[in-house]
Amino acid sequence: MRDYVLRGNLCYSADMDHIETRAHAYLVCLDGRCAGVFDQLPARYAQLPLADFGDRLILPGMTDLHVHAPQFAFRGLGMDMELLEWLNTYTFPEESKYRELDYAGRAYSSFVQHLRRSETTRAVIFATIHVPATELLMQKLEDAGLCSYVGKVNMNRNCPDYLREDSTVQAVRDTRRWIEETKDRFTRTRPIITPRFIPSCTDDLMYALRDLREEYDLPVQSHLSENYSEIAWIRELCPRAKHYGDAYDQFGLFGGGYPCIMAHCVHSNEDEQALIRQRGVFIAHSPESNINLASGVAPVNQFLDNGLRVGLATDIAGGSHESMLRATMHAIQASKLRWRLYDQNVKPLSFERAFYLATMGGGAFFGKVGSFLDGFELDAVVLDDGTLDHPQALSVRARLERAVYLADERNITAKFVAGERLF
Ligand code: GUN
Ligand code: FE
């Protein structure tokens, strides 16, 4: 059933600097898309089924633009290292376990159940190099009713034998088989080309992934300019590249004519930012991960001022939690520390902008997603903030801001994805 009306306190971005709040208003959904917000329900919609959520808050579902499903099991552990050491010490040993389908089944069930209960309606996900486990993850996400892109990870150098593709030929054969098996199998779950990052892929593998991308017309995701040692390494590995982004671009894997997400961009210089903008690359800003791995803080407000496309991400297990409400809070907090301690030229993120990043900003990767404006796919989360009691009556705007800081999945009472009600 994709024609209905929701009623409650609606909160959604109109653009990156404005949040609309409409108390006890009606949101009409026709064929899974938003078809108007009204204070009084027009007579022509009176026959539609009405879900009245009373005094609860209704916000757009959130998009996690970058998350590692196989790292969910060690979230909250191993926060004592920087990126490259952290990968070798914690991440690669954990990801190697997904060779076993039994382990993958248990771990991915846990990840998907948490995601389903969370405020995330859409996610762009890294799996591991293993095809059977990646397909199992995709099936679980599909069954849960979430919308996602999932990447079988590619890595064939600078990684341990136990988590390395045997050869470029083998990697390409596996990736092609996985694309063939998944590209038309689901309605909400789609494959995305996923080189882990340049240090873990040989040049010939990168070019082969470019060719596969073109052949099947798929989007791309990877990591960019997250950590100083990583960037120094790129200068050795790709001496002809002007910067890290240029290296991806030379491999033909940096967007421009097709969708592409680069996670982090903490240390992207002016030239790199210009290329990101030119190619329409989405930046997946992952503030908690950038704190935990001591990577730094990306100048997100500058990205937005300069017209770059940005969304928010948890980057589990760099980030410790799947909650996009928390990610929104962390984005604001990190931007304040960056401004106070490091660079007074880039102002802290406003609440409006942070909320926009979590909803409309990242949602744009999926099309018209992340707002209740007309024509947007209906992704919605209903929050009961009754447990966040307060001695005074608060405005809807104030309740929304408090909910972002204080609510968790226990406050979520209903969830809709692409017009379908999950619970
Ligand atoms: N760069 C390459 N792999 C990873 C990863 O798994 N997590 C993060 N945060 N950065 C990476
Ligand atoms: Fe990541």
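Atoms within a ligand are numbered from 1 in the order they appear, just like the ligands themselves. Only this structure's heavy atoms are used, side chains among them; waters, hydrogens and symmetry mates stay out.
- Among residues two or more places apart in sequence or in another chain, the side-chain contact (heavy atoms from CB on, under 4.5 Å) test is passed with Tyr207 by Asp203, Arg210, Phe251.
- Between His264 and His223, the ring planes are parallel. Angles under 30° get that label, and only those over 60° would be called perpendicular.
- Residue-ligand proximity, Phe197 to ligand 1, at heavy-atom distances under 4.0 Å covers atoms 1 (N), 2 (C).
- With hydrogens and angles left out, the side-chain atoms of Thr168 and Asn156 include a donor and acceptor closer than 3.5 Å.
- Judged by the 6.0 Å distance and 45° axis criteria, Arg122 is not positioned over the aromatic ring of Phe365.
- Set against the non-hydrogen atoms of Asp315, the atoms of ligand 1 under 4.0 Å away are 8 (C), 9 (N).
- Distance from atom 3 (N) of ligand 1 to its nearest protein heavy atom, with residue and atom name: Arg196 NE, 2.9 Å.
- Every side chain to side chain donor-acceptor pair (under 3.5 Å) that Arg397 has, sequence neighbours left out, goes to Glu352, Glu401.
- Counted within 6.0 Å of CZ on Phe423, heavy atoms from surrounding residues, nucleotides or ligands total more than 12; the atom is thus considered enclosed.
- Taking 4.0 Å as the cut-off, Glu230 does not count as a neighbour of ligand 1 on heavy-atom distance.
- Within the protein, the number of N, O or S atoms lying under 2.8 Å from the Fe ion (ligand 2) is 4.
- Ligand 1 lies out of reach of Phe126, whose nearest heavy atom is not under 4.0 Å from it.
- Proximity of the aromatic rings of Phe72 and Tyr108 is defined here by a centroid distance below 6.0 angstrom, and this criterion is not met.
- Those atoms of ligand 1 that come under 4.0 Å of a heavy atom in His264, given as number and element, are 9 (N).
- For the residue pair Asn9 and Asp55, a side-chain donor N or O sits within less than 3.5 Å of a side-chain acceptor on the partner.
- Contacts between Phe92 and ligand 1 below 4.0 angstrom, taking non-hydrogen atoms only, are absent altogether.
- Heavy-atom proximity to Gln71, at under 4.0 Å, picks out these atoms of ligand 1: 5 (C), 6 (O).
- With sequence neighbours left out, Asp31 forms a side-chain contact (heavy atoms from CB on, under 4.5 Å) with Arg2, Asp3.
- Using modelled atom types, one finds a donor on one side chain and an acceptor on the other under 3.5 Å when comparing His68 with Asp315.
- Against a heavy-atom cut-off of under 4.0 Å, Glu226 is close to the following atoms of ligand 1: 1 (N), 8 (C), 9 (N), 10 (N), 11 (C).
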